[in-house]
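Okay, structure first, notes after.
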Amino acid sequence: MRSVFICLLFLTTFSYGSDIDFSGFATLKAVKTDSYTAKIRESISHPHGVEKDELDFSFSSLGLQAEWHANDNVEFVGQLLLKEQHDDRVNNAIKLAFLRYNLNSNWQFRAGRTGLDLFLMTEYRDIGYSMDMEHPPVEFYSIIPHQNLDGVDLQYRAPLDQGIASIKAYWGRSESPIYSDYKFFWNVELKSILGVAVQYETLNWLFRANYTTTKAANEHEQQKQLREALAQVPLQVWPTKNELIDSLYIIDKRFTYSALSMRYDDSKWLVQSELSLTDSNSSVLNRLKAAYITLGKRFDLNTLSFTYSVAKSDNEPSVEPGPLVPLPELIQIYEAASMHSGFYQLDQHSTSLTWRRELSPTLALKFNWKHTSADHLPSAFYLHDTEQFSDPDLSFNTFTLSFNWVF
């Protein structure tokens, strides 16, 4: 299937004719933090984290997009996003590669690789110029690393007296890398993704609701190895091992995502908020709640915005007490299994302030200060200096300066 998307992208990019549009976007970004435990990143799919006293540019990116209008009803869209990646670089770089068919002014059908429409900013989350905040809130947008859907969607839009209403249904699968400490890497596959998004726009207001369900399609090889190792341990030595074994089963576990969003923008004031609940029938993730609110004010070419974001799960701090006999081999198994089962033990919030300056109609400068307070570290949001786990700093600051272009 991957070759289909690659061929679609090449068809989009290299098709000739007068009805082909090219565009792009770029971000040059420098990031610095004062945390000596957390290595800062903007997504759990990012392989690198910013360390204390390091000025890092690895969050910079370049995007290229082409749209070929085959006729009045059919379009091909392709988008490449070039940024730091360690694994499966070609597949991860293809962000969009789909056919769009407009049946009429109300109905639209798409097939191929589209954006996984979970968020208010799904369509432009990688385009820094398109948003007043420096980047989407980590506590909300980093929970689910998957950004793309390989499948189909169908949307119906209807003009009403005071606005426009739309409903979209989508189905498919997705995959995305996850990186964690100790060089952990897992290309997480989701199958049977089925979702619906409802939206209403009127004047300066936008309201949106989403519900999506999916199943885990694969597991990390280490999970299987840990289950096999635990099965060899006598119950007398580890009476509660079966609970830990159960937590390591992930294939075919069902995950659900529900979200409500709103946005108000009258060109002077901006208010934007999203809240979500992510849940599953696996002990890996239990009722993970996330939300943010942004308030912004525009002054000619300048915009000041304040954002508060929070994420908290109901996962217990530990699955079970571990082996009765503290043998080094058993402790190693317990720590490795706990990393898998406790990945989404999250409880943190951040406050940030962003200044944006329009340098030209296609270029914006943004500076962001963010203060984060975490209940505990390690956290799935970051990579870590593992030598600091015994005494982590749970409150830290991050500073970001970026230039954002569209062309």
Would E84 and R41 count as a salt bridge (charged side-chain N to carboxylate O under 4.0 Å, His left out) if you check the C-alpha gap in whole Å, the side-chain angles of each, and the deciding distance to 0.1 Å? CA-CA 12 Å; E84 183 181 13; R41 56 184 180 171; over 6 Å; no
Please walk me through it: do I193 and S174 pass side chain to side chain contact (heavy atoms under 4.5 Å, CB included)? CA-CA 8 Å; I193 299 174; S174 182; 3.7 Å; yes
Do you know which two heavy atoms are closest between E134 and K366, and how far apart they sit? O-NZ, 3.5 Å
Over 12 non-hydrogen atoms of neighbours within 6.0 angstrom of NZ in K224: no
Assess the side chains of T37 and Q388: does a donor N or O sit below 3.5 Å from an acceptor N or O? no
Between L118 and R208, which heavy-atom pair has the shortest distance, and what is it? O-NH1, 3.7 Å
Please determine, by modelled atom types, if R254 and T213 share a side-chain donor-acceptor pair under 3.5 angstrom. yes
Would you check if Y36 and D53 make a side-chain contact, meaning some heavy-atom pair closer than 4.5 Å? no
Is the shortest heavy-atom distance from the side chain of R100 to the side chain of E67 under 4.5 Å? yes
Whether S35 side chain and A38 backbone form a donor-acceptor pair below 3.5 Å: yes
Is the shortest heavy-atom distance from the side chain of L244 to the side chain of W238 under 4.5 Å? yes
Within the supplied structure, the quantity of interest is the number of heavy atoms (other residues, nucleotides, ligands) at a distance under 6.0 Å from N104 CG; does it exceed 12? yes
Inter-residue atom distance N218.CG - L190.CG, 0.5 Å rounding: 8.5 Å
Does K297 reach the main-chain N or O of L295 with its side chain, forming a donor-acceptor pair under 3.5 Å? no
Considering non-hydrogen atoms only, spot the tightest contact between A158 and N106 and give its length. CA-ND2, 4.2 Å
Using the six-membered ring wherever Trp is involved, compare the ring planes of Y382 and H384 and label them parallel, tilted or perpendicular (cut-offs 30° and 60°). perpendicular
How far apart are the closest heavy atoms of D265 and R263, and which atoms are they? OD2-NH2, 3.1 Å
For L62 and A26 the tightest heavy-atom approach is CD1-CB, 3.9 Å
Output for pair (W355 CH2, L401 CG), nearest 0.5 Å, gives 8.5 Å
Heavy-atom nearest pair, P145 first then S45, reads CB-CB, 4.2 Å
Show the numbers, then the answer: is there a salt bridge (charged side-chain N to carboxylate O under 4.0 Å, His left out) between R356 and E358? CA-CA 7 Å; R356 171 177 172 139; E358 304 294 331; 2.5 Å; yes
My understanding is that only residues two or more places apart in sequence, or in another chain, count here; which of them pass salt bridge (Lys or Arg N to Asp or Glu O under 4.0 Å) with K95? none
Say you draw a straight line from OH of Y141 to CZ of F381; how long is it, rounded to the nearest 0.5 Å? 13.5 Å
Give a yes or no on whether a salt bridge exists between R227 and E219, defined as a side-chain N under 4.0 angstrom from a carboxylate O. yes
Is atom CD of E387 surrounded by more than 12 heavy atoms (other residues, nucleotides or ligands) closer than 6.0 Å? no
Side-chain donor-acceptor pair present, N210, T212, cut-off under 3.5 Å: yes
Side-chain touch L359/F403, heavy atoms, less than 4.5 angstrom: yes
Using 30° and 60° as the class boundaries, would you call the ring planes of F399 and F367 parallel, tilted or perpendicular? parallel
Quick one: OG on S309 to CD on E274, what's the gap to the nearest 0.5 Å? 11.5 Å
Verify, without hydrogens or angle tests, whether S282 (side chain) and I250 (backbone) share a donor-acceptor contact under 3.5 angstrom. no
Is there a side-chain hydrogen bond (donor to acceptor under 3.5 Å, both in side chains) between D126 and Q147 once you walk through the steps? CA-CA 10 Å; D126 293 313; Q147 290 187 230; 3.1 Å; yes
List the steps, then state whether salt bridge (charged side-chain N to carboxylate O under 4.0 Å, His left out) holds for D347 with K312. CA-CA 4 Å; D347 187 357; K312 179 178 174 57; 3.2 Å; yes
Ignoring hydrogens and angles, state whether a donor on the side chain of D279 or T256 is under 3.5 Å from an acceptor on the partner side chain. no
If you count the non-hydrogen atoms of other residues, nucleotides and ligands that lie under 6.0 Å from CZ in R357, is the total more than 12? yes
When rounded to the nearest 0.5 angstrom, what distance separates CG in D150 from NZ in K191? 15.5 Å
Full working for side-chain hydrogen bond (donor to acceptor under 3.5 Å, both in side chains) between T372 and Q348: CA-CA 7 Å; T372 301; Q348 74 171 53; 5.0 Å; no
Which ring pair (Phe, Tyr, Trp, His ring centres under 6.0 Å) pairs, counting each pair once, include a residue from residues 152-173, with sequence neighbours left out? W107-Y156
Can you tell which of N368, L270, T294 makes a side-chain contact (heavy atoms from CB on, under 4.5 Å) with S305? T294
Quickly, which of D21, L99, N102 forms a side-chain contact (heavy atoms from CB on, under 4.5 Å) with E75? Name it, please. N102
Kindly indicate, with the supporting measurements, whether the criterion salt bridge (charged side-chain N to carboxylate O under 4.0 Å, His left out) is fulfilled by E54 and K39. CA-CA 10 Å; E54 175 187 19; K39 298 179 181 180; over 6 Å; no
Interatomic distance, L346 atom CG to S142 atom OG [nearest 0.5 angstrom]: 10.0 Å
Taking side-chain hydrogen bond (donor to acceptor under 3.5 Å, both in side chains) as the test, write out the residues that go with N404, two or more places apart. T27, S402
Verify, without hydrogens or angle tests, whether R110 (side chain) and F98 (backbone) share a donor-acceptor contact under 3.5 angstrom. no
Over 60° means perpendicular and under 30° means parallel, so tell me whether Y292 and F140 are parallel, tilted or perpendicular. perpendicular
Note, L96 side chain near Q65 side chain (heavy atom, < 4.5 Å): yes
Answer yes or no: does atom CG of N71 have more than 12 heavy-atom neighbours from other residues, nucleotides or ligands under 6.0 Å? yes
Dump the intermediate steps for side-chain hydrogen bond (donor to acceptor under 3.5 Å, both in side chains) on D132 and Q272, then the final yes or no. CA-CA 11 Å; D132 288 320; Q272 180 172 309; over 6 Å; no
Is the shortest side-chain heavy-atom distance between V406 and I127 below 4.5 Å? yes
Parallel, tilted or perpendicular for H46 and F59, by the 30°/60° rule? perpendicular
When you look at D34 and N397, which way does the side-chain hydrogen bond (donor to acceptor under 3.5 Å, both in side chains) test go after all the steps? CA-CA 6 Å; D34 62 7; N397 299 288; 2.9 Å; yes
N204 backbone acceptor or donor facing D266 side chain under 3.5 Å: no
Which class fits the ring pair W186 and F184: parallel under 30°, tilted 30 to 60°, perpendicular over 60°? perpendicular
